[in-house]
Amino acid sequence: MNTAAKLGSYALGLAVIFGGALGVGQVVDPPAATDTPHDQGHTGDDHTTTAQPSQTSNTPGGLQVSQDGYTLNPITSLTTGVPTDFKFTVIGPDGQPVTDYQVEHDKKLHFIVASRDLTSFQHLHPDLTPDGTWSVKLTLPKAGAYRAFADFVPAGGKKLTLGADVQAAGDYRPEPLPHVSRTAAVDDYTVNLAGDLVPGRSSKLTLTVSKDGEPVTDLEPYLGAYGHLVALRAGDLAYLHVHPEESKQAGPEITFYAEAPSRGDYRLFLDFKHEGKVRTASFTATATLSDGHAPSATHDHSH
């Protein structure tokens with residue numbers, strides 16, 4: 001399959017992850033805006049979840065450690081500052097580690113680790129052993145609470161996003177959520193965000209990538225797409241429901257349609273590949289309505 005055809009296949013919608021210009025990710029049905037309290041996106045509570053047999057359609061992905069009989073089971077303790085072989089399993093309905101997965105977006109499983117204060121984010125792809133144990137090199141920048149997400153499709157099953165809280169021992173000093181901004185810088189690149197998150201309906205977000213002031217028009221495919229966007233709600237780290245806009249253009253614009261389930265703050269993490277390297281641009285956005293007008297993401301905002 002050529003690159004254009006492969007990228008076009010991502011227009012079906014993805015979960016957890018916004019896929020850009022044909023993005024990759026996963027789609028989870030979020031709760032309607034009226035189902036989620038206004039302050040849910042601002043809570044600092046640690047929403048540790050317990051195993052449950054099923055997840056309702058109104059529950060955003062990543063909030064539960066178990067769904068439909070599958071459970072995310074971390075094995076390794078976390079350390080900071082040095083690479084650690086982090087291991088975990090996914091326990092199936094039969095009580096045994098799952099060993100058979102469908103390949104989706106070039107991988108059998110996407111593993112995401114984010115700090116609870118949303119200042120640290122990693123998107124990783126672990127290796128699977130025959131006994132069902134996943135292993136990945138993980139280096140954490142600081143001590144504290146983290147949320148680990150596994151995005152996968154078990155053979156013969158449906159797409160799942162499971163989340164588990166993990167702790168890195170040490171002196172924990174949470175940082176405030178970064179200010180709301182429409183511009184993010186990483187290395188020599190600048191990414192600009194256009195559009196607003198509006199609770200309860202689909203919102204168009206367009207990210208434009210430039211390098212040294214010049215638009216980047218030769219983005220390279222990463223996991224079968226030109227852009228890969230993860231969105232997490234501050235407080236509980238729920239994923240948003242997203243649809244990518246199909247495009248054959250390799251930049252500079254990458255467009256998504258996102259549905260924010262509630263008012264509140266969100267962190268957006270855009271992975272893009274250029275000149276052989278994957279980089280991540282991070283934004284804070286606020287979904288809110290004031291006097292019937294769409295929210296602005298240009299104001300300063302801190303906690």
Would you find a donor on one side and an acceptor on the other, under 3.5 Å apart, between the side chain of [X] and the backbone of [Y]?
| X | Y | value |
| --- | --- | --- |
| E220 | G276 | yes |
| R116 | G235 | yes |
| H125 | D106 | no |
| T89 | I91 | no |
| R147 | A114 | no |
| R267 | P178 | no |
| R279 | H274 | yes |
| D196 | V198 | no |
| D265 | T286 | no |
| S115 | S120 | yes |

Are any of the side-chain nitrogens in D188 or K211 under 4.0 Å away from the carboxylate oxygens of its partner?
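A salt bridge is absent here (no side-chain N lies under 4.0 Å from a carboxylate O).
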State whether R173 and D171 are salt-bridged, where the test is any N-O pair (Lys NZ or Arg NE/NH1/NH2 against Asp/Glu carboxylate O) under 4.0 Å.
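A salt bridge is present here (some side-chain N lies under 4.0 Å from a carboxylate O).
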Identify each donor-acceptor pair in which a side-chain atom of residues 131-140 lies under 3.5 Å from a protein atom, sequence neighbours left out, and give them as a table.
from	atom 1	to	atom 2	distance (Å)
D131	OD1	T129	OG1	2.4
D131	OD1	T133	N	3.1
D131	OD1	T133	OG1	3.1
W134	NE1	Y101	OH	3.1
K137	NZ	D85	OD1	3.2

For the rings on F111 and F88, is their centre-to-centre separation under 6.0 Å?
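That pair passes the under 6.0 Å test.
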Could you check, using the six-membered ring where one of them is a Trp, whether F283 and Y266 have ring centers closer than 6.0 angstrom?
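Here the rings of Y266 and F283 have centres that are no less than 6.0 Å from each other.
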Hey, mind stepping through T208 and N192 against side-chain hydrogen bond (donor to acceptor under 3.5 Å, both in side chains) and telling me if it holds?
CA-CA 5 Å; T208 303; N192 291 308; over 6 Å; no
Do the side-chain N and O atoms of T190 and S210 include a donor-acceptor pair separated by under 3.5 angstrom?
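The criterion, which ignores hydrogens and geometry beyond distance, is not satisfied for S210 and T190.
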Give the minimum heavy-atom separation between F149 and L237, together with the two atoms involved.
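Smallest interatomic distance, heavy atoms only, reads CZ-O, 3.5 Å.
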Please determine whether the number of non-hydrogen atoms from other residues, nucleotides or ligands lying under 6.0 Å from atom NZ of K87 exceeds 12.
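Counting other residues, nucleotides and ligands, NZ of K87 stays at 12 neighbours or fewer.
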